[in-house]
Amino acid sequence: MSKGLTSRSEDYSQWYNELVTKADLAEHSSVRGCMVIKPYGYSIWEKMQSVLDKMFKDTGHSNAYFPLFIPKSYFSKEASHVDGFATECAVVTHYRLKNDGNGNIVVDENAKLEEELVVRPTSETIIWNTYKGWIQSYRDLPILVNQWANVVRWEMRTRLFLRTAEFLWQEGHTAHATAEEAVEETERMLEVYADFAENWMALPVVRGKKTPNERFAGALDTYCIEALMQDGKALQAGTSHFLGQNFAKAFDVKFTNKEGKQDYVWATSWGVSTRLIGALIMAHSDDQGLVLPPQLAPIQVVIVPIYKNEEELSAISAIADDLIAKLKKLNISVKYDDRDTQRPGFKFAEYELKGVPVRVAIGGRDLENGTVEIARRDTGEKQTSTQAGLDAYIEQLLNDIQNNIYQKALNFRTENTRKADIYEDFKRLLDENPGFIAAHWDGTPETEQKIKEDTKATIRCIPLNNQKEEGKCILTGKPSTQRVLFARAY
RNA sequence: CGGGGUGUAGCGUAGCCCGGUAUCGCGCCACAUUUGGGAUGUGGAGGUCGUAGGUUCGAAUCCUGCCACCCCGACCA
C-alpha cells in the first residue's frame with residue numbers, strides 16, 4: 001500500500017479515484033468501463049443490500065428474477081423508452097464461436113440470431129411483457145416485485161462506482177389497479193430511499209420531482225433524492241418513477257376492474273445502484289481516506305495490540321478477546337488485527353484509509369493502568385478510556401459517530417445551498433461557491449435547456465412540499481411561483 | 001463520439017527530442033534488530049518498456065494502426 005492520498009483541494013477528482021483504489025474498494029478491469037468490485041467494497045454493497053432488502057420486504061415487496069437478455073423488438077414498443085436507451089445498449093447478435101482453421105477463435109457467422117438480444121439497460125420491457133401473463137383481474141393486483149441484478153449501459157465516459165458500463169442495482173417494478181395507488185407506491189419508495197440515505201448512509205437528501213427534461217424515459221413523473229457532494233456537485237442518489245399506463249399500453253397489459261370494465265394497469269419502477277457507494281465516499285471521506293458511517297461499515301471496530309514480546313501480546317489478547325465477545329453480543333462487527341508483520345503505526349494509517357469508525361489500541365501502558373486508547377475516525381480524536389464498561393461506551397460512540405457524520409454533511413449542505421435572484425449572481429455562485437442554488441424558473445424546458453447550455457447547471461429537482469413564493473425567472477424574468485434547485489451534477 | 005494528455009516491475013517514476021535491450025523511490029522476499037503514528041540495516045528477486053505492425057545492422061526511443069486510462073466537451077436512470 002502506498003503512502004499518501006492526493007488532497008481534495010488539490011484535485012478532487014484524482015482524490016476520489018485514488019481513494020477508491022487505495023482503500024481497496026474497486027479497480028478498473030481489463031474490460032472498458034467495467035470495474036472489479038473488490039471484497040472490501042463489495043461488503044459495503046452487501047450491507048446496503050441487506051438493509052434495503054429488508055425495507056422492501058417490510059413494505060410488501062418480494063424478490064424475483066428476469067432475464068439478462070431482452071429481444072430488441074421489445075424496446076421499440078415504448079417510444080420514449082427506446083429513445084432514452086437506444087444509444088447505450090450492448091447487443092448480442094450471435095450465439096457461437098468457431099475455430100477459423102488458423103488457430104483463431106472467431107464469431108461463427110452461421111450462428112446469427114434471428115432477432116438480436118439487448119443486454120438489459122433496465123428491465124421495464126421484459127418485465128411488462130411478463131406481467132401481461134400474470135394479470136387478468138383487479139384481484140391479481142397489486143404486483144410488488146423487486147429484482148437485484150446487473151445492468152449494462154454503454155456510457156461514453158465512466159468513473160468507478162459513479163458511472164460504469166455495467167453496474168449492480170435493484171429495480172422495483174410494481175403494477176396497480178389505479179393511478180392513485182401507483183402514485184402512492186412511487187412516493188412510498190422514494191421515502192424508503194430517503195430513509196436509507198439519511199439514517200444508514202448518514203447522507204442528507206432532498207426529496208423532489210424531476211422536470212420533464214430530466215424524467216426517466218417512459219415515465220409520467222420521476223421522483224428523486226438528490227445529495228450534495230463535498231465539491232459542491234449534486235448526485236442523484238435514487239429515483240422512483242410513476243410510469244402511468246405507458247408500459248401497460250405498450251405491452252397490452254389490461255385487467256378487469258371491479259365494475260367489470262377493461263383498463264390498462266398502472267405502473268411504477270424505482271431503483272438504486274452501486275453508485276450509492278460513490279455517494280458514500282464523496283460525501284464523507286477526507287484527505288486521510290474513507291470515512292464510513294458505522295451503520296454501513298463492514299468493520300465497525302478494529303483492535304490493534306501494541307506489544308514488545310509474546311507474553312505481553314497474550315495478556316493483551318485476553319483483554320481483546322473479552323471485548324470482542326461483548327461487542328459481538330451487541331451486534332458490533334470487530335476485527336482484531338494481531339498481525340506481527342505490520343507495525344502499529346502502519347495499521348493505524350491503513351484503517352484510517354479504509355474508514356473504520358472506531359479504533360481501539362491496547363499496549364503495555366494499558367495493561368498496567370486497566371485502560372485502552374480509543375480513536376474515532378470521523379474527528380480523529382483520541383482518548384484513554386477504562387476497560388470497564390467499554391462495550392457500552394463503544395456502542396454509544398458508534399451512534400455518536402453516525403450522528404456526527406450526518407450532521408456534518410447536513411451542515412455542509414445547508415452552507416452550500418444558496419438563493420440567487422439575478423442571473424449574474426447565479427453564474428458567479430456556480431463558479432465560486434458551487435452547491436445547490438434555489439432560484440426561480442419559468443417552468444419551460446427551453447429555459448432549463450438554455451441555462452444548462454450556458455452554465456452546465458441543471459434543475460436537480462423541484463423539492464416536494466416546496467414553499468410557494470412569487471418571483472421572476474432567473475433567466476427570462478417571467479413569473480414563477482416557486483424556487484427550484486439547480487446544481488452542476490455528476 | 002470530438003479535443004487534449006498518459007501508458008516503462010505490484011505502485012509511482014527517469015530515460016524518448018539526439019536509436020546501442022533500462023534509472024530511482026516505495027512495495028515484495030530472507031535474516032537480524034524493532035513495535036504507543038506509515039521502522040532500520042544487510043542481502044536478494046522481480047521488466048513481452050500497453051499492443052500489433054513498419055523503418056533500421058540494432059527500437060522504450062522514429063513512423064502507422066489499435067487498446068486502455070485520465071481531463072475537457074457532447075451524451076447519460
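Every heavy atom of this structure was used, including side-chain atoms; hydrogens, water molecules and symmetry mates were not. Letters A, B, ... mirror the listed sequences (proteins, then strands); counts begin at 1.
Remark: the backbone N or O of P67(A) is paired with a side-chain donor or acceptor of R120(A) at under 3.5 angstrom. Of the possible polar contacts, one joining the Q230(A) side chain to the M282(A) backbone as a donor-acceptor pair under 3.5 Å is found. With hydrogens and angles ignored, the 3.5 Å screen pairs a side-chain donor or acceptor of S76(A) with a backbone N or O of S73(A).
Counting to the nearest Å, the P atom of G36(B) and the CZ atom of F346(A) are 14 Å from each other. In this structure, CZ of R339(A) is placed 19 Å from P of U35(B), rounded to the nearest angstrom. One can place NZ of K22(A) at 12 Å from C1' of G27(B), the figure rounded to the nearest angstrom. Counting to the nearest Å, the C1' atom of G37(B) and the CD atom of Q383(A) are 18 Å from each other. Distance, E18(A) CD to C11(B) C1': 11 Å, rounded to whole Å. Atom CG of N369(A) is separated from atom P of G36(B) by 17 Å (rounded to the nearest Å). Atom CD in Q342(A) sits roughly 14 Å away from atom C1' in C26(B) (whole-Å rounding). If you measure from atom CD1 of I306(A) to atom C1' of G38(B), you get 14 Å, rounded to the nearest angstrom.
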Take W45(A) and F167(A) through the test ring-ring contact (aromatic ring centres under 6.0 Å, His included) and record every step on the way to the result.
CA-CA 12 Å; W45(A) 179 238; F167(A) 57 93; 9.7 Å; no
Evaluate T384(A) against E373(A) for side chain to side chain donor-acceptor pair (under 3.5 Å), listing each step before the verdict.
CA-CA 5 Å; T384(A) 303; E373(A) 181 193 79; 5.8 Å; no
Check the pair Q300(A), K335(A) against side chain to side chain donor-acceptor pair (under 3.5 Å), reporting the backbone distance first and the verdict last.
CA-CA 8 Å; Q300(A) 293 172 302; K335(A) 175 171 178 173; over 6 Å; no
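Between C70(B) and G54(B), the distance separating the two C1' atoms is 29 Å to the nearest Å. Using C1' as the reference atom, C69(B) and U61(B) are 22 Å apart when rounded to the nearest Å. Here the separation of U13(B) from C76(B), taken at their P atoms, is 35 Å to the nearest Å. Comparing the C1' positions of G53(B) and G38(B) gives an interatomic distance of 46 Å, to the nearest angstrom. Nucleotides G58(B) and A22(B) are separated by 16 Å at their C1' atoms, to the nearest Å. Separating the C1' atom of G15(B) from that of U23(B) is a span of 7 Å, rounded to the nearest Å. Of the C1' atoms belonging to A68(B) and U51(B), the separation is 10 Å, rounded to the nearest Å. On the P atoms, C62(B) is 11 Å away from G20(B), given to the nearest whole Å.
Electrostatic pairing of E350(A) and K347(A) does not count as a salt bridge here, judged by no charged N lying under 4.0 Å from a carboxylate O.
Using modelled atom types and a 3.5 Å distance limit, the side chains of D53(A) and W148(A) yield a donor-acceptor pair. With no hydrogens or angles considered, a side-chain donor-acceptor pair links T6(A) and E18(A) at under 3.5 Å. Inspection of the Y393(A) and T386(A) side chains reveals no N or O donor paired with an N or O acceptor under 3.5 Å.
By the side chain to side chain donor-acceptor pair (under 3.5 Å) test, Y74(A) pairs with N129(A), sequence neighbours left out.
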Under 3.5 Å, which N/O atoms of the protein pair with N/O atoms of nucleotides 42-49 of chain B?
none

Could you list the protein-to-nucleotides 50-52 of chain B atom pairs, N/O on both sides, closer than 3.5 Å?
none

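Within the 6.0 Å centre-distance limit, the rings of H61(A) and W270(A) are counted as a close aromatic pair. Taking the six-membered ring where the residue is Trp, the centroids of Y131(A) and F251(A) are separated by 6.0 Å or more.
For the pair V31(A) and P344(A), nearest-nucleotide mapping onto RNA chain B gives the more 5' position to P344(A). Each of S29(A) and N309(A) has a nearest nucleotide on RNA chain B; the 5'-most of these lies closest to N309(A).
Nucleic acid contact class of G380(A) (heavy atoms, under 4.0 Å, all strands): none. When heavy atoms are screened at a 4.0 angstrom cut-off, R32(A) is found touching the sugar-phosphate backbone but no base atom. Counting non-hydrogen atoms under 4.0 angstrom, R359(A) reaches a base of the nucleic acid.
Relative ring orientation between H241(A) and F216(A) is described as parallel, the plane-to-plane angle staying below 30° on a 0-90° scale split at 30° and 60°.
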Contact state string [nucleotides 70-77 of chain B, B base, S sugar-phosphate only, - no protein heavy atom under 4.0 Å]
SSBBB-BB
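With hydrogens and angles ignored, no donor-acceptor pair closer than 3.5 Å exists between the side chain of K382(A) and the base of G36(B). Side-chain N/O atoms of E352(A) and base N/O atoms of G38(B) include no donor-acceptor pair closer than 3.5 Å. Counting distance only, with no hydrogens placed and no angle test, the side-chain atoms of R343(A) and the base atoms of G36(B) include no donor-acceptor pair under 3.5 Å.
Under the 90° criterion around 0 for the glycosidic angle, U21(B) counts as syn.
Rounding to the nearest 0.5 Å places CG of L292(A) at 8.5 Å from CD1 of I281(A).
Residue pairs meeting the ring-ring contact (aromatic ring centres under 6.0 Å, His included) criterion with at least one partner in residues 15-39 of chain A, sequence neighbours excluded, are Y12(A)-W15(A).
Secondary structure note: stems in RNA chain B built from 3 or more consecutive Watson-Crick or G-U wobble pairs under 3.5 Å occupy B:1-7 with B:67-73, B:10-12 with B:24-26, B:28-33 with B:39-44, B:50-54 with B:62-66.
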